[in-house]
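Each remark here refers to the structure printed beneath this line.
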2 protein chains.
Amino acid sequence: MSTPKEHEKLSDYISSQKLKQSHKRLTVLKAISASPKRHLTAHEVLALLNKKRSGIGQATVYRSLRLLCDAGVLNELRCEDGSSRYEFASAGSHHDHLICTKCGRFVEVFDPEIERLQDKLFARHGFYPERHKLELYGVCRMCKR
Amino acid sequence: MSTPKEHEKLSDYISSQKLKQSHKRLTVLKAISASPKRHLTAHEVLALLNKKRSGIGQATVYRSLRLLCDAGVLNELRCEDGSSRYEFASAGSHHDHLICTKCGRFVEVFDPEIERLQDKLFARHGFYPERHKLELYGVCRMCKR
DNA sequence: TCGATATTGATAATCATTATCATTTTAACG
DNA sequence: CGTTAAAATGATAATGATTATCAATATCGA
């Protein structure tokens with residue numbers, strides 16, 4: 001599972017901010033790319049890396065995740081339990097989430113009509129819109145039976 | 001500022017669960033009712049009580065807030081910074097929130113059309129709907145200028 | 001009033017995350 | 001190539017919101 005686009009985004013950000021390349025940071029990105037599971041927590045990323053005896057500490061995982069967000073490679077999703085999950089910010093693809101309360105599965109959804117109505121709500125109350133967060137909690141098809 | 005309805009809800013819950021009335025728990029509820037500020041954090045409630053030398057500890061504040069939620073008197077809003085805010089669950093009034101990113105003001109909003117479209121999203125993905133969370137972040141009228 | 005049980009306060013523990021700081025890497029420059 | 005300043009890292013302490021513990025206190029039905 002290669003991620004040329006993500007690597008490039010990261011490199012661009014690193015040079016734009018006068019940071020330095022680092023093996024370990026790249027290893028974190030690769031581990032996330034290679035995982036079949038999306039929407040990983042920092043703890044889960046750490047577990048992926050430990051399995052490979054990468055010698056990468058948790059501080060570095062947290063730092064890398066933050067930097068990857070700053071670089072626009074990942075999006076951070078603040079969960080209700082107080083932890084965060086990270087997903088790839090595949091260019092310009094805003095979406096919301098359906099979340100199964102039984103198995104924790106995340107499904108990415110998008111409804112342009114909802115987006116439009118949200119903007120109307122902002123306008124109606126004199127708000128300058130910045131962003132929004134829509135999470136739909138329920139039981140997925142698999143968990144229903 | 002009286003809250004006969006809230007007191008009653010609380011009493012009903014207390015007897016249904018075979019708990020006991022407590023002076024301090026009522027004081028917490030009254031303090032929240034009396035505050036002009038809505039959407040208070042546990043910390044803010046504690047501050048309200050300390051100002052009055054109530055002798056109520058933080059553990060009791062947290063316990064009371066949780067119980068008031070269980071009793072259906074309050075709703076808990078998990079904020080993105082990891083803390084929670086509490087609002088009155090004035091019977092059957094589901095709503096979402098517009099939140100000012102400058103001053104932190106909360107505005108309660110509701111759009112039946114958005115609700116309907118959310119249900120369609122649940123259905124389209126085979127989810128049994130339980131609840132949702134919609135938060136619109138922007139800059140309010142006051143903070144814009 | 002008595003006694004079983006709920007409530008409380010002080011404080012320790014938890015959990016995710018961030019800060020600190022000494023050590024190691026990176027990479028621009030000579 | 002080495003030097004070297006700055007960034008990255010690991011181990012660990014600190015943070016902040018919240019929950020758990022447990023002995024002391026309050027509640028309330030008999």
Side-chain angles (χ1 to χ4, degrees), chain A residues 7 10-31 39-50 52-71 73-86 104, chain B residues 7 10-31 39-50 52-71 73-86 104:
Chain A
H7 288 204
L10 175 56
S11 291
D12 289 353
Y13 182 75
I14 286 173
S15 39
S16 80
Q17 301 294 107
K18 293 177 186 164
L19 304 179
K20 290 176 179 171
Q21 303 286 345
S22 98
H23 282 154
K24 300 199 168 179
R25 196 154 46 199
L26 245 193
T27 302
V28 172
L29 174 53
K30 284 182 187 163
H39 307 100
L40 295 160
T41 62
H43 192 266
E44 287 167 345
V45 173
L46 191 58
L48 287 175
L49 293 164
N50 283 340
K52 297 183 180 172
R53 287 187 189 71
S54 63
I56 296 179
Q58 68 161 18
T60 295
V61 170
Y62 278 103
R63 283 187 284 234
S64 297
L65 289 171
R66 179 133 49 121
L67 190 142
L68 287 165
C69 287
D70 292 344
V73 174
L74 299 178
N75 277 335
E76 179 183 6
L77 310 172
R78 317 288 290 245
C79 299
E80 295 210 319
D81 68 353
S83 70
S84 287
R85 289 182 177 274
Y86 297 85
Chain B
H7 287 204
L10 175 56
S11 291
D12 289 353
Y13 182 76
I14 286 173
S15 39
S16 79
Q17 301 296 306
K18 292 176 187 163
L19 304 178
K20 290 176 180 172
Q21 303 287 346
S22 101
H23 196 231
K24 299 199 170 182
R25 195 154 45 200
L26 246 195
T27 302
V28 173
L29 174 54
K30 284 182 188 164
H39 307 99
L40 294 160
T41 62
H43 192 265
E44 288 167 344
V45 174
L46 190 58
L48 287 176
L49 293 164
N50 283 340
K52 297 182 180 173
R53 288 187 189 69
S54 63
I56 295 179
Q58 68 161 17
T60 295
V61 170
Y62 277 102
R63 283 186 285 234
S64 297
L65 289 171
R66 181 136 47 126
L67 190 142
L68 288 166
C69 287
D70 292 345
V73 174
L74 298 178
N75 277 335
E76 180 183 7
L77 310 172
R78 317 288 289 245
C79 299
E80 296 210 317
D81 67 353
S83 70
S84 286
R85 289 184 177 273
Y86 298 84

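Protein chains get the first letters and strands the later ones, always in sequence-line order, with residue 1 at the start of each. Just so we're clear, the structure is a prediction, and the values are computed from it rather than from any experiment.
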Measure [atom1]/[X] against [atom2]/[N] and give the value in whole Å, please.
X: A/Asp81; N: D/dA17; atom1: CG; atom2: C1'; value: 13 Å
X: A/Tyr13; N: D/dA7; atom1: OH; atom2: C1'; value: 13 Å
X: B/Leu10; N: C/dA6; atom1: CG; atom2: C1'; value: 14 Å
X: B/Gln17; N: C/dT7; atom1: CD; atom2: P; value: 10 Å
X: A/Ile14; N: D/dA6; atom1: CD1; atom2: C1'; value: 14 Å
X: A/Leu49; N: D/dT9; atom1: CG; atom2: C1'; value: 14 Å
X: A/Glu76; N: C/dT17; atom1: CD; atom2: C1'; value: 10 Å
X: B/Leu77; N: D/dT18; atom1: CG; atom2: P; value: 12 Å

Next item on the list: Could you pull out the closest heavy-atom pair between A/Ala42 and A/Tyr86, with the gap in Å?
Entry: N-CE1, 4.4 Å
Next item on the list: Give the minimum heavy-atom separation between A/Asp81 and B/Arg78, together with the two atoms involved.
Entry: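 Looking at all heavy atoms of both residues, the closest pair is CA-NH2, 4.1 Å.
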Does any part of the side chain of [Y], heavy atoms only, come nearer than 4.5 Å to the side chain of [X], both counted from C-beta?
X: B/Ser11; Y: B/Gln21; value: yes
X: B/Thr27; Y: B/Lys52; value: no
X: A/Glu44; Y: A/Arg85; value: yes

[X] side chain N/O closer than 4.0 Å to the phosphate oxygens (OP1, OP2) of [N]?
X: B/Tyr62; N: D/dT18; value: yes
X: B/Ser22; N: D/dA26; value: no
X: A/Lys24; N: C/dT25; value: no
X: A/Ser83; N: C/dT17; value: no

Is [X] touching bases, backbone alone, or none of the nucleic acid, heavy atoms closer than 4.0 Å?
X: A/Arg25; value: sugar-phosphate
X: A/Thr41; value: nothing
X: A/His23; value: sugar-phosphate

Checklist line | Nearest-nucleotide comparison on DNA chain D, the residue closer to the 5′ end among B/His43 and B/Gln21 | finding: B/His43
Check: Taking the nucleotide of DNA chain D with the closest heavy atom to each, which residue, A/Lys18 or B/Arg66, is nearer the 5' end?
Finding: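 First, find each residue's nearest nucleotide; the 5'-ward one identifies A/Lys18.
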Item checked: side-chain contact (heavy atoms from CB on, under 4.5 Å) partner of A/Leu29, chosen from A/Leu65, A/Leu10, A/Val45 -> A/Leu10
Item checked: Closest nucleotide among D/dT9, D/dA20, C/dT17 to the A/Ala42 side chain -> C/dT17
Next item on the list: Ignoring the backbone of B/Arg63, work out which of D/dT18, C/dT17, C/dT8 is nearest its side chain.
Entry: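 Within the option list, the nearest is C/dT8.
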Notebook entry, point to check: Looking only at N and O atoms, is any donor in the side chain of A/Lys20 or the base of D/dA6 less than 3.5 Å from an acceptor on the other one?
Noted result: yes
Check: Mapping B/Leu67 and A/Tyr86 to their closest nucleotides on DNA chain C, which lands nearer the 5' end?
Finding: B/Leu67
